[in-house]
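So that the names make sense, note that chain A is the first sequence line, chain B the second, and so on, each numbered from 1. These numbers come from a predicted model, not from an experiment.
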Amino acid sequence: MTTNSCCPPQLEEDPGCPPAPEPAACCADLGDDRPGYKLWPFVCAWLDNPAGRVPQVATRLTVADITGRWQMRWGFGRTRYSIAPGLYAIGRASSGSPVLVTANYKMTFDILRRDMHDHDAWLLVLDTRGINVWCAAGKGTFSTEELVRQVQRTRLQERVDHRTLIVPQLGAPGVAAHKVPKACGFKVVYGPVRSSDLPRFLESGQKATPDMRRVNFGFIDRLVLTPVELVSMRSQILWSILALFILGGIGPEIFSLSAAWHRGSAALASGLLGVVTGAVVVPALLPWLPARSFAIKGAIAGLASGFLAAMLFSTALDWINSLALLMAVAAVSSWCAMHFTGSTTFTSPSGVEKEMRQAIPAQAAALLVSGLSWLAGAF
Amino acid sequence: MSPLRYIENVVTLQLDAEKCIGCGMCSVVCPHGVFAIEDRKARIVERDACIECGACAGNCPVEALTVKAGVGCASAIIHGWLTGGEPNCDCGGSC
């Protein structure tokens, strides 16, 4: 590997990138390293074109890309994990190479370029405000208008001699395929749901098998989404902790610090058991829990884990405190499980609204019973 | 494992068979295999698998499909109730 103080590090053995150029050529090639701009590490070269230079991107992810993905999974800095929209090249993209449309969420972009390893293609990145394709299509930022705007802005018609845009299938809620040709001269072909199927899709003449068109939601798919659910509840959890420690002190002595500590901790533990049951155990066991409604799945799992906890601490808990524990875990678990609907791939808004109208009064009632029993248990 | 299924008999998806020209676009964009094309007409074969994403209706060139599209997300619906607006998945990109 050649290193030069003025050159970005070259990614070794990446077939998506050209071999490391001579140092002099490298420095001369940094024409786009302008004051005030920072070059993304995934840009490994520039392709010259009469319609403007295009950054060529690496197809091998670096440690920073992978740690960035983990940060997103744990909810750190999610609102600013985006790249500049526009046109990028993979491999030696030429006028005959396919154009793949995607979102400017960096995790999406990273997975796409990784999966297109060893291929030549153009990536047309839409401005979705750093949101993934499916959610952005639902919100309307991954749209017909934005697609047409980027086609025109990047002068795509001057760069390729075909007139086909491969749009990810999950972008379809935001794009009206039949309106695109009139607006910009390109037709839309819907590609597979998963970018890992793209090489197969391209090799088979842009034909998707039924399997490529289906969304799956397996055990690992569900589990990777649980940390961000927990992180998103942090402020609710912190306020609950404060409330529980204050209420925990109420008792025969009006207010006792030691009771606040002991009873507050016990209540907090019950609440956290409910959160973990609803936000981690329910997603993991989703297909095996009875009932269609997430709130009911959560309540069932919460009753089970609350019952186990009550058995475990049966010597320390009288009946009224056991009731408080059971109801608290069930209510909290049901609430958290209900919120996992937004992370899933198979819930309809009509269904979610229906279950919420039934579940929220029941959750509130269970929480009230729990709170009253807990407070009564102090006397 | 059988696919995960959600609450039955709730979705707002409607297909006008009179208007349908059998282009098959709905079955291409649907991520849950709701449609089948038979005798040059689309037919709803898995109504309860529909998630009301709106892809089929938006891509139907003859407007034969209607659906009250939205996101199946509890936080978004609560947000809609509280603000009196449309359900909005405004969770800082976490969805």
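In this structure the side chain of B:Val28 reaches within 4.5 angstrom of the side chain of A:Arg213, judged on heavy atoms. The closest side-chain heavy-atom distance from B:Lys68 to A:Pro349 is not below 4.5 Å. Annotation: side chain of B:Val10 is not in contact with side chain of A:Glu353 (no heavy-atom distance under 4.5 Å).
To the nearest 0.5 Å, the span separating CD1 on B:Ile7 from CZ on A:Phe346 amounts to 10.0 Å. The CG atom of B:Leu4 sits 7.5 Å away from atom CZ of A:Phe217, with the distance rounded to the nearest 0.5 Å. Interatomic distance, OG of B:Ser75 versus CD of A:Glu229, reported as 7.0 Å (0.5 Å rounding). Rounding to the nearest 0.5 angstrom, the gap separating the CD1 atom in B:Ile77 from the CE atom in A:Met338 is 9.0 Å.
The backbone N or O of B:Glu52 sits nowhere less than 3.5 Å from a side-chain atom of A:Ser348 that would complete a donor-acceptor pair. Remark: side-chain polar atoms of B:Asn59 are paired, donor with acceptor, to backbone N or O of A:Val175 under 3.5 angstrom. Counting only distance, with no hydrogens or angles, the side chain of B:His32 and the backbone of A:Thr345 share a donor-acceptor pair below 3.5 Å.
Between chain A and the options B:Gly80, B:Ala57, B:Cys60, the largest number of non-hydrogen pairs under 4.5 Å is found for B:Cys60. Of all the listed residues (A:Lys179, A:Glu355, A:Met72), the one sharing the greatest number of non-hydrogen pairs under 4.5 Å with chain B is A:Glu355. Considering only heavy-atom pairs separated by less than 4.5 Å from chain B, the leading option among A:Ala137, A:Gly174, A:Ala176 is A:Ala176.
Heavy-atom contacts from other residues, nucleotides or ligands closer than 6.0 Å to CH2 of B:Trp81 number more than 12. Around CD of B:Glu63, the count of heavy atoms belonging to other residues, nucleotides or ligands within 6.0 Å does not exceed 12. Counting heavy-atom neighbours within 6.0 Å of B:Glu8 CD, excluding the residue itself, gives a total above 12.
For chain B, no part of A:Leu225 is nearby; none of its heavy atoms comes within less than 4.5 Å. For B:Cys56, no part lies under 4.5 angstrom from a heavy atom of chain A. Proximity to chain A (any heavy atom under 4.5 Å) is shown, for B:Cys23, by neither the backbone nor the side chain. With a threshold of 4.5 angstrom between heavy atoms, B:Cys53 approaches chain A through its backbone and through its side chain.
Nearest heavy-atom pair across A:Ala177 and B:Met25 is CB-CE, 3.6 Å. Shown here for A:Trp134 and B:Pro31, the closest heavy-atom pair between the two residues is CZ2-CG, 4.2 Å. Across every non-hydrogen atom of A:Ser350 and B:Thr12, the tightest pair is OG-CG2, 3.7 Å.
Contacts between residues 180-196 of chain A and chain B, counted as heavy-atom pairs separated by less than 4.5 Å, involve A:Tyr190.
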